[in-house]
Amino acid sequence: MLRRSFFARTVHEVAPDLIGVTLLVDGVGGPIVEVEAYDPEDAASHGFRGQTPRNAVMFGPPGYAYVYRSYGIHWCLNFVCAAPGRAEAVLIRALRPEHGVDAMRERRGLEAERALCSGPGKLCQALGITRAQDGLALDEPPFELFAPESGPPLAVGPRIGITRAVEQPWRYGLAGSPFLSRRF
DNA sequence: ATGAAGATGAAT
DNA sequence: TTCATCTTCATC
């Protein structure tokens, strides 16, 4: 199991290391196949303009969940990294449905495994993540994180949906996975 | 009090 | 490509 100290590093080290890590929420989830990194010097990050009630968790200690509402409809899950005061976090964008697939299908109202967790909003709906999980520790229930046996092949590319003038190769994924939100 | 933008998803 | 949907935050 991952210890909270796993996240006490720069997001640029943590993000690629999360590919292949199994994420469970109340026993539902699977290996992460896609993430994105956000740091305080990044104009596209929620933390760029300073602390607000919404992004407060980003500025707290590492190893906690930062959950925010996206487009008024969806929820998105992040893992907070780096020392307190530095707003760094990894957006969890997709995972391979492995545990509790039936629960995911029920919550998503879909059958196709391919569509259950292939996007940050979909993933939260499938795992039952809402504001209720904002600020919760990642090494305590309902969360469970398991390191992979070996480092999987990584794909790297620019992030998705970033309209600001920030173009960096900060999206990481499991190369060739059919469960990505988008091909690299 | 008001407005504009947004780390998306699903349908067309 | 379009649009639903509404919170968040900045501004007035």
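A, B, ... follow the sequence lines: proteins, then strands. Residue 1 opens every chain. Side chains included, hydrogens not; waters and symmetry mates left out as well; all remaining heavy atoms used.
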K.L.:
What contact category does A/R108 fall into here, base, sugar-phosphate, or nothing, at under 4.0 angstrom with non-hydrogen atoms?
P.N.:
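Sugar-phosphate: the residue A/R108, judged by heavy atoms under 4.0 Å, touches backbone atoms but no base.
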K.L.:
Within 45° of the axis and under 6.0 Å from the centre of the six-membered ring of A/W75, does NZ or CZ of A/R131 qualify?
P.N.:
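The answer is no, since A/R131 fails at least one limit relative to A/W75.
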K.L.:
Can you run down the salt bridge (charged side-chain N to carboxylate O under 4.0 Å, His left out) pairs that involve residues 10-22 of chain A, sequence neighbours left out, and say none if there aren't any?
P.N.:
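Applying salt bridge (charged side-chain N to carboxylate O under 4.0 Å, His left out) to every pair that reaches into residues 10-22 of chain A, excluding sequence neighbours, yields A/R9-A/E13, A/R9-A/D17.
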K.L.:
Would you kindly give the CZ-to-P distance between A/R114 and B/dG9, to the nearest whole Å?
P.N.:
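Rounded to whole Å, this separation is 17 Å.
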K.L.:
Using whole Å, report how far CZ of A/R159 lies from C1' of B/dT8.
P.N.:
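Between C1' of B/dT8 and CZ of A/R159: 16 Å.
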K.L.:
Salt bridge between A/R159 and A/D42, side-chain N to carboxylate O under 4.0 Å?
P.N.:
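Yes, A/R159 and A/D42 are salt-bridged.
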K.L.:
Using whole Å, report how far CZ of A/F48 lies from P of C/dA10.
P.N.:
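Result: 13 Å.
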K.L.:
When rounded to the nearest 0.5 angstrom, what is the spacing between CG in A/N55 and CG in A/N78?
P.N.:
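Those atoms lie 10.5 Å apart.
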K.L.:
Could you state the atom-to-atom distance from NE2 of A/H46 to P of C/dA10 in whole Å?
P.N.:
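The distance from NE2 of A/H46 to P of C/dA10 comes to 13 Å, rounded to the nearest Å.
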K.L.:
Are the aromatic ring centres of A/Y66 and A/Y68 under 6.0 angstrom apart?
P.N.:
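Yes, the ring centres sit under 6.0 Å apart.
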K.L.:
With a 4.0 Å cut-off, would you call A/E113 and A/R108 a salt bridge?
P.N.:
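Looking at A/E113 and A/R108, the cut-off is not met.
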K.L.:
Return the stems involving DNA chain B, sorted by first number, where pairs are Watson-Crick (N1-N3 with N6-O4 or O6-N4) or G-U wobble (N1-O2 and O6-N3), both under 3.5 Å, and runs are 3 or more long.
P.N.:
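Stem list for DNA chain B: B:1-6 with C:6-11, B:8-11 with C:1-4.
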K.L.:
Calculate, to the nearest 0.5 Å, the distance between atoms CD and CZ belonging to A/E36 and A/R93 respectively.
P.N.:
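Rounded to the nearest 0.5 Å, the CD-CZ separation comes to 4.5 Å.
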K.L.:
Show the nearest heavy-atom pair for residues A/L116 and A/A126, with the distance to one decimal.
P.N.:
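A/L116 and A/A126 have their closest heavy atoms at O-CB, 3.6 Å.
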K.L.:
Rounded to whole Å, how long is the line connecting atom OH of A/Y38 with atom C1' of B/dG6?
P.N.:
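After rounding, the gap between these two atoms is 11 Å.
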K.L.:
Tell me, please, which residues at least two apart from A/E98 pass side chain to side chain donor-acceptor pair (under 3.5 Å).
P.N.:
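If we apply the side chain to side chain donor-acceptor pair (under 3.5 Å) test to A/E98, skipping adjacent residues, the hits are A/R96.
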K.L.:
Counting only side-chain nitrogens and oxygens, does A/R131 get under 4.0 Å of the OP1 or OP2 atom of C/dC6?
P.N.:
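Indeed not, no polar side-chain atom of A/R131 lies that close.
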K.L.:
Starting the side chain at C-beta, find the nucleotide from B/dG9, B/dA7, C/dT8 nearest to A/P120.
P.N.:
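Out of B/dG9, B/dA7, C/dT8, the nucleotide with an atom closest to A/P120's side chain is B/dG9.
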K.L.:
Could you state the NZ-C1' distance from A/K122 to B/dA11, rounded to the nearest angstrom?
P.N.:
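Roughly 12 Å, once rounded to whole Å.
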K.L.:
Without decimals, in angstroms, what is the distance between A/I160 CD1 and B/dG6 P?
P.N.:
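Spelled out: CD1 on A/I160 to P on B/dG6 is 17 Å.
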K.L.:
In residues 67-87 of chain A, what residues come within less than 4.0 Å of DNA chain C, judged by heavy atoms?
P.N.:
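Heavy-atom cutoff 4.0 Å gives A/Y71, A/G72, A/I73.
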K.L.:
Residues of residues 55-66 of chain A with any non-hydrogen atom less than 4.0 angstrom from an atom of DNA chain C: list those, numerically ordered, please.
P.N.:
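Within residues 55-66 of chain A, no residue comes under 4.0 Å of DNA chain C.
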K.L.:
Between A/A44 and A/I162, which heavy-atom pair has the shortest distance, and what is it?
P.N.:
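In terms of heavy atoms, the two residues are closest at CB-CG2, 3.6 Å.
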K.L.:
Rounded to the nearest angstrom, tell me the gap between atom CD1 in A/I92 and atom C1' in B/dA7.
P.N.:
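Rounded to the whole Å, the gap is 12 Å.
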K.L.:
What pairs meet the ring pair (Phe, Tyr, Trp, His ring centres under 6.0 Å) rule with one or both residues in residues 88-147 of chain A, with sequence neighbours excluded?
P.N.:
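The answer is none; no pair qualifies.
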